[in-house]
Protein chains: 2
Amino acid sequence: MAAEDPLITELTDLAFHVSGRLQQGFNAIAAELDLTPVQAVALVNLRDPAPMRDLAGVLHCDASNVTGIVDGLERRGLVTREPAPTDRRVKHLILTDEGHRRRNHLMTEANTRAEALFNLPPADRRHLRDLLATIVNADQQHS
Amino acid sequence: MAAEDPLITELTDLAFHVSGRLQQGFNAIAAELDLTPVQAVALVNLRDPAPMRDLAGVLHCDASNVTGIVDGLERRGLVTREPAPTDRRVKHLILTDEGHRRRNHLMTEANTRAEALFNLPPADRRHLRDLLATIVNADQQHS
DNA sequence: GCAGATACTTGAGAATGTCAACTATCGAGA
DNA sequence: TCTCGATAGTTGACATTCTCAAGTATCTGC
């Protein structure tokens, strides 16, 4: 069993720190908009007329979980469920005007916070992107 | 309100992808060892004779939460609570032999998986570390 | 038209987290 | 010394997020 590589440990800690800070910022914006974290994630990842099942796919969770999340968004008047004309089992999720507003607010605010966090010279930002993309692409090959 | 910077969005997505994969691997190892994810995090972040309050600090959570987590670890025979001699309010957490074993297993397995994920030439690994460290250090200055 | 697959909902229950209230103990100052 | 405010830990109530199993409605292929 190989001794632990301190560089790997360091990279792991740094990766968690960065993503933790991003998440923390996102959750704070969500709370300002009277959304639970998961509701906010769902709102951002919603493509306008899309079946609930698609959202379950994006969120990597069970369909029954999506029912509850969408209940919350519907209760707040941000989305509506519309039966799909082509398949009556399917319900399409449609953003209301207020839903679009909060979604835009969430995305622009999250972008502002992320920009402050990734506070590097443009060349370093691109280099960081390339290094992370290499890792992610190799990882997706494997899966 | 500035239009969104696609590079920032990309960096955000990549950071979540990497940390998500790390977490997923860690949780899988925890499950093999009959530990919930949070119990495993607690086990790894335990410094051997330390008050429960310290663990709450490391985990960034309420003290009442730590009570339940430690209950689980104690039930599994991995830690014991020992009253601190200097301050009878305090209980020190002590790892049992089995606690040490699972802790080591967790850390080495997590390191192995992380090493496979951060599959880059050594120079790139160090460069990635430096870029992330710059971000994290600047962030900690601000807080 | 029937059998099996699919979309969504419901209900039970686990894991994680917060907050408020309580007990026990500590430390500092009148 | 005694008392008051702070601190460590626990408990109980509750919110959030998640999974699984079961049920309903609908679709598709034979």
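Letters go in sequence order (proteins before strands), and every chain restarts at 1.
- Taking a 4.0 Å limit (strictly below) on heavy-atom distances, residues 23-34 of chain B does not reach DNA chain D anywhere.
- For the side-chain contact (heavy atoms from CB on, under 4.5 Å) test with V66(B), the passing option among V38(B), L55(B), D54(B) is L55(B); the others fail.
- Of all heavy-atom pairs between S19(B) and S19(A), the closest is OG-OG, 3.0 Å.
- Shortest non-hydrogen contact noted between A15(A) and L22(B) is CB-CD1, 4.0 Å.
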Base-contact (B) and sugar-phosphate-only (S) positions in nucleotides 13-26 of chain D, heavy-atom cut-off under 4.0 Å, - elsewhere: ---SSBBB----BB
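- Here D34(B) pairs with R76(B) in a salt bridge; the nearest charged N to carboxylate O distance falls below 4.0 Å.
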Show the numbers, then the answer: is there a side-chain contact (heavy atoms from CB on, under 4.5 Å) between D13(B) and H17(B)? CA-CA 6 Å; D13(B) 289 348; H17(B) 187 113; over 6 Å; no
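- Salt bridge annotation for R81(A)-D71(A): present, with a cationic side-chain nitrogen under 4.0 angstrom from a carboxylate oxygen.
- Linking ILVMFWY side-chain heavy atoms closer than 4.5 Å, directly or via other members, places I29(A) and F118(A) in two distinct hydrophobic clusters.
- Salt-bridge annotation for R102(B) and E98(B): present, with a side-chain N of the basic residue lying under 4.0 Å from a carboxylate O of the acidic one.
- Residues D71(A) and V90(A) each lie close to DNA chain C; by heavy-atom proximity, the contact nearer the 5' end of the strand is made by V90(A).
- Along DNA chain C, read 5' to 3', the first and last nucleotides having any atom under 4.0 Å from a heavy atom of chain A are dA5(C) to dT10(C).
- F26(B) and V18(A) are members of different hydrophobic clusters when ILVMFWY side chains are connected at heavy-atom separations under 4.5 Å.
- The backbone N or O of L95(B) lies less than 3.5 Å from a partner atom in the side chain of D48(B), making a donor-acceptor pair.
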